[in-house]
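See below for the structure under consideration.
Below, chains carry the letters A, B, ... as their sequence lines are ordered, and counting in each starts from 1.
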Protein chains: 2
Amino acid sequence: MTHTSLILERFVRKMESRCSLSPNDREAVLALPVMQRTYQPNTYIIREGELLQRHCAFIISGFAIRQKLTNVGARQIVSMHLPGDLLDLQHLYLNYADHNVQALTLMEAAEIGRPALRRLVLRNPRVATAMWIDALVDSSISREWLLNVGQRDARGRIAHLLCEFAARMTAAGMASDSGYELPMTQEQIGDAVGLTAVHVNRTIKALKAENLITRDKRHLHFHDIEGIRAIAGFSSLYLHLDQITTDPEDRPGDERGA
Amino acid sequence: MTHTSLILERFVRKMESRCSLSPNDREAVLALPVMQRTYQPNTYIIREGELLQRHCAFIISGFAIRQKLTNVGARQIVSMHLPGDLLDLQHLYLNYADHNVQALTLMEAAEIGRPALRRLVLRNPRVATAMWIDALVDSSISREWLLNVGQRDARGRIAHLLCEFAARMTAAGMASDSGYELPMTQEQIGDAVGLTAVHVNRTIKALKAENLITRDKRHLHFHDIEGIRAIAGFSSLYLHLDQITTDPEDRPGDERGA
DNA sequence: TAGCGATCGTGACATTTGTTGTGACCGGCG
DNA sequence: CGCCGGTCACAACAAATGTCACGATCGCTA
C-alpha cells in the first residue's frame with residue numbers, strides 16, 4: 001500500500017544521508033517487508049537479557065530511549081531517538097539484548113525483520129555502509145554522553161543535553177530557530193545526565209533565572225543559545241551530521257597500509 | 001614473513017570468536033597487508049578532529065585507551081583496549097575522528113590499511129559480520145560505562161572497572177585466577193570512572209582496608225572477588241563473551257517481519 | 001650519588017549533589 | 001464536578017566528592 005511506501009521512502013532518505021545509494025539499492029530497500037506498529041508511552045520494546053530474534057524498528061513518529069538499570073535499580077538513559085532514527089541496529093547481530101529499549105512518548109514505528117535486514121546488508125554494500133555509519137554515529141554520541149556525565153557539572157550536563165537535542169531536532173526538521181518540544185520530564189533528564197530530579201530542577205531554575213532559557217509546558221525556548229553552548233562546551237562535530245560516504249571501497253588512492 | 005603471519009593468525013582467531021569463517025575468509029584475512037609498529041606510552045595514535053584516511057590497528061602487545069576532552073580540558077577515558085583488540089573500527093567509515101586514541105603503555109600494533117579492510121568486509125560477509133559484532137560489543141561496553149559513571153557511587157564504579165578488566169583479561173588469557181597486572185595509574189582510573197585521583201585513592205584505600213583487594217605496584221590481587229562483584233553489581237553479560245554467530249543471513253525460519 | 005618527575009598517600013576544608021518532605025498545579029477520568 | 005496520579009517547585013539538612021596543600025617513595029638519568 002502507498003502508506004508503507006511513504007515510510008520506506010523516508011527510510012531511503014535516512015540511508016542516503018549516510019551513504020549514496022544506487023538505483024538498485026533503493027529498490028531493494030523499498031522492497032523490504034515492514035510492519036507498522038504503535039507503542040504507548042513507556043512500553044518496553046526490547047528488554048535486557050531477552051533473546052533476540054526480533055526486528056529492528058524505524059521511528060515514524062514519537063520518541064524512544066534506550067536505558068539500563070543497575071542491580072539496585074538506578075536507571076541510566078543511554079540514548080534518545082527521534083523520528084527518522086533506526087532503533088536497534090545495536091542488536092542486529094547479537095544474541096541477547098544488553099539494554100532496554102522503551103517508547104518515551106506515543107510512538108509509531110515501522111518494523112523490519114532481522115533476517116530481511118541482514119540479507120539487505122549482505123547484498124547491498126552501500127546500504128551496509130550506511131548502516132555501519134549509522135551505528136558508528138550512535139557510538140560516537142554514546143561517547144559524548146560518557147564525557148558529559150563523567151566530566152561536566154550539573155549545569156554543563158543539562159546544557160549539553162539541550163544543545164544536542166536542539167541540533168538533532170533541527171537536523172530532523174522538528175525545531176524552530178528558537179526552540180523545540182522537549183519530550184522529557186525533569187526526572188528523565190536526570191536519568192540521562194546522571195543527576196537527581198531535584199537537582200535538575202534546581203539547575204534549570206538557575207538557567208531560567210539567568211535568562212538563558214524558558215520552559216512552557218513541554219516547549220523549550222532558548223533566549224541565548226550561544227550562552228547555553230558556552231556553558232555546555234558544545235560542538236556538534238561528534239554528531240557527524242555532514243558525514244556522507246560515496247564509496248564503500250574507499251578507493252582514494254592512498255593505500256598506505258599496503 | 002612468518003612473523004606477520006603469526007599476527008594475522010591471531011587476527012583470524014579474534015574474528016572467529018565472533019563469527020565462524022569459511023576457509024576462503026581465513027585466506028582473505030591472512031592475505032591482508034599489515035605493517036607492524038611500536039608506540040611509546042602516551043603517544044597519540046589518532047587525534048580528535050583529524051581527517052581519517054588512515055589504518056585500523058590490531059593490538060599485539062600493550063594497552064591503549066580512547067579518550068575525549070571537554071572544552072575546559074577535563075579528560076574522560078571512554079574505553080580501554082588490550083592485546084587482541086581491534087583498535088579502531090569506530091572510525092572505519094567516518095571522515096573525521098571524534099575522539100583521541102592513545103597508547104597507555106608501550107604498545108605494539110599491526111596496522112591494516114582502511115581500503116584493504118573495507119574491501120575485505122565487502123567481499124567476505126562472515127568477516128563483515130565478525131566486525132559488526134566487534135563494533136557492537138564495543139558499544140555495549142560503552143553503555144555499561146555510562147551506567148557506571150552515571151549511577152554508581154565511587155566504590156561501585158571502581159569495583160566495576162576492576163571486575164570488567166578481570167573478565168576481559170581472563171578472556172585474553174592474561175590474568176591468573178586471583179589477579180592481574182592493571183596498567184593504569186590512579187589518575188587514569190579516575191579519568192575512566194569520572195572521579196578525581198584523590199577520591200580514587202581514598203576509595204581504593206577503603207577496599208584494601210576491608211580486605212577485598214591488595215595492590216602491589218601494578219599487580220592487582222583479589223582476596224574476595226565475590227565481595228567486589230557484589231559492590232560493583234557486576235554481571236558480564238554485556239561483554240557478550242559467548243557471542244558466536246554462524247550465519248550472517250540469519251535464516252532460522254522465523255521471519256516475523258515479513 | 002644526587003636530583004627530578006611521576007605516582008601514591010593523606011589531612012583539612014569547600015562545594016556540589018543527594019535526600020527527605022511537603023505543597024502547588026494540572027490534566028484525565030470516574 | 002471532584003478526585004487522583006504525575007509533575008514541578010522548593011526548603012532544610014546530609015552525604016559524597018572535589019580542592020588544595022604537603023610529604024613520602026621510587027625509578028631514572030645527569
Side-chain angles (χ1 to χ4, degrees), chain A residues 40-43 70 72-77 102-106 148-162 181-210 213-221 231, chain B residues 40-43 70 72-77 102-106 148-161 181-209 213-221 231:
Chain A
Q40 293 303 309
N42 301 317
T43 315
T70 64
V72 296
R75 179 173 81 155
Q76 177 69 40
I77 294 177
Q102 206 176 359
L104 183 62
T105 63
L106 183 65
N148 200 34
V149 172
Q151 303 297 329
R152 284 192 260 260
D153 64 9
R155 279 163 69 82
R157 286 186 216 180
I158 290 174
H160 194 277
L161 182 75
L162 298 180
E181 297 300 310
L182 179 67
M184 303 173 83
T185 65
Q186 293 183 350
E187 187 181 9
Q188 290 161 344
I189 294 173
D191 286 347
V193 299
L195 295 169
T196 56
V198 174
H199 202 59
V200 169
N201 187 291
R202 277 199 275 259
T203 309
I204 288 182
K205 181 182 167 189
L207 294 177
K208 283 181 190 160
E210 291 170 64
I213 59 171
T214 49
R215 206 177 174 201
D216 176 36
K217 307 234 184 172
R218 282 291 139 87
H219 189 80
L220 181 80
H221 183 88
I231 290 170
Chain B
Q40 293 301 310
N42 301 317
T43 315
T70 65
V72 296
R75 178 174 82 155
Q76 178 69 40
I77 293 178
Q102 205 176 0
L104 183 61
T105 62
L106 182 64
N148 199 36
V149 172
Q151 303 298 331
R152 284 192 260 260
D153 64 9
R155 280 163 68 81
R157 286 186 215 180
I158 290 173
H160 195 278
L161 181 74
E181 298 299 310
L182 179 67
M184 304 173 82
T185 67
Q186 293 183 351
E187 187 181 9
Q188 289 163 342
I189 293 173
D191 285 348
V193 298
L195 296 169
T196 55
V198 174
H199 203 58
V200 169
N201 187 293
R202 278 200 275 262
T203 308
I204 288 182
K205 180 182 166 190
L207 294 177
K208 282 179 189 162
I213 58 171
T214 48
R215 205 177 174 201
D216 176 36
K217 308 233 184 174
R218 282 290 139 88
H219 188 80
L220 181 79
H221 183 88
I231 290 169

Self-check item: Nearest-0.5 Å distance, CZ of residue A/Arg75 to CD of residue A/Glu187
Solution: 6.5 Å

Practice problem: To the nearest 0.5 angstrom, please state how far the CG atom of A/Leu104 sits from the CE atom of A/Met184. | Solution: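 One gets 6.5 Å once the value is rounded to the nearest 0.5 Å.
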
[X] has an atom [atom1]; how far is it from atom [atom2] of [N], in whole Å?
{"X": "A/Gln40", "N": "C/dG28", "atom1": "CD", "atom2": "C1'", "result": "14 Å"}
{"X": "B/Leu106", "N": "D/dC28", "atom1": "CG", "atom2": "P", "result": "14 Å"}
{"X": "B/Asp216", "N": "C/dC8", "atom1": "CG", "atom2": "P", "result": "13 Å"}
{"X": "B/Met184", "N": "C/dC8", "atom1": "CE", "atom2": "P", "result": "11 Å"}
{"X": "B/Ile158", "N": "C/dC8", "atom1": "CD1", "atom2": "P", "result": "12 Å"}
{"X": "A/Arg215", "N": "C/dC25", "atom1": "CZ", "atom2": "P", "result": "18 Å"}
{"X": "A/Leu195", "N": "C/dG18", "atom1": "CG", "atom2": "C1'", "result": "10 Å"}
{"X": "A/Lys205", "N": "C/dT17", "atom1": "NZ", "atom2": "C1'", "result": "16 Å"}

Self-check item: A/Arg202 side chain to A/His199 side chain, donor-acceptor N/O pair below 3.5 angstrom
Solution: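 Judged by distance alone, the side chains do pair up.
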
If you check the [X] side chain, which of [options] turns out closest?
{"X": "B/Gln186", "options": "C/dG18, D/dA9, C/dC8", "value": "C/dC8"}
{"X": "A/His199", "options": "C/dT17, C/dT7, D/dA9", "value": "C/dT17"}
{"X": "A/Asp153", "options": "C/dT17, D/dG18, C/dT10", "value": "C/dT17"}
{"X": "B/Asn201", "options": "D/dC8, D/dG18, C/dC8", "value": "C/dC8"}
{"X": "B/Val198", "options": "C/dG27, C/dT10, D/dG18", "value": "C/dT10"}

Which part of the nucleic acid, if any, lies within contact of [X], taking any heavy atom under 4.0 Å across all strands shown: a base, the sugar-phosphate backbone alone, or nothing?
{"X": "B/Ala154", "answer": "sugar-phosphate"}
{"X": "B/Arg218", "answer": "sugar-phosphate"}
{"X": "A/Gly190", "answer": "nothing"}

Self-check item: Name of the residue among B/Ile77, B/Thr203, B/Asn148 meeting side chain to side chain contact (heavy atoms under 4.5 Å, CB included) with B/Val193
Solution: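 Between B/Val193 and the candidates, side chain to side chain contact (heavy atoms under 4.5 Å, CB included) is satisfied uniquely by B/Asn148.
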
Practice problem: Return the 5'-most residue of the pair A/Arg155, A/Lys217 with respect to DNA chain C, ranking by each residue's nearest nucleotide. | Solution: A/Arg155

Quiz item: Would you say the base of C/dG11 and the side-chain of B/Arg202 have a donor-acceptor pair closer than 3.5 Å?
Solution: no

Quiz item: Which heavy atom in B/Leu207 sits nearest to a heavy atom in B/Arg155, and how many Å separate them?
Solution: CD2-NH1, 4.0 Å

Quiz item: Does a side-chain N or O from A/Lys208 land closer than 4.0 Å to OP1 or OP2 of D/dA9, or not?
Solution: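 Indeed, a polar side-chain atom of A/Lys208 lies that close.
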
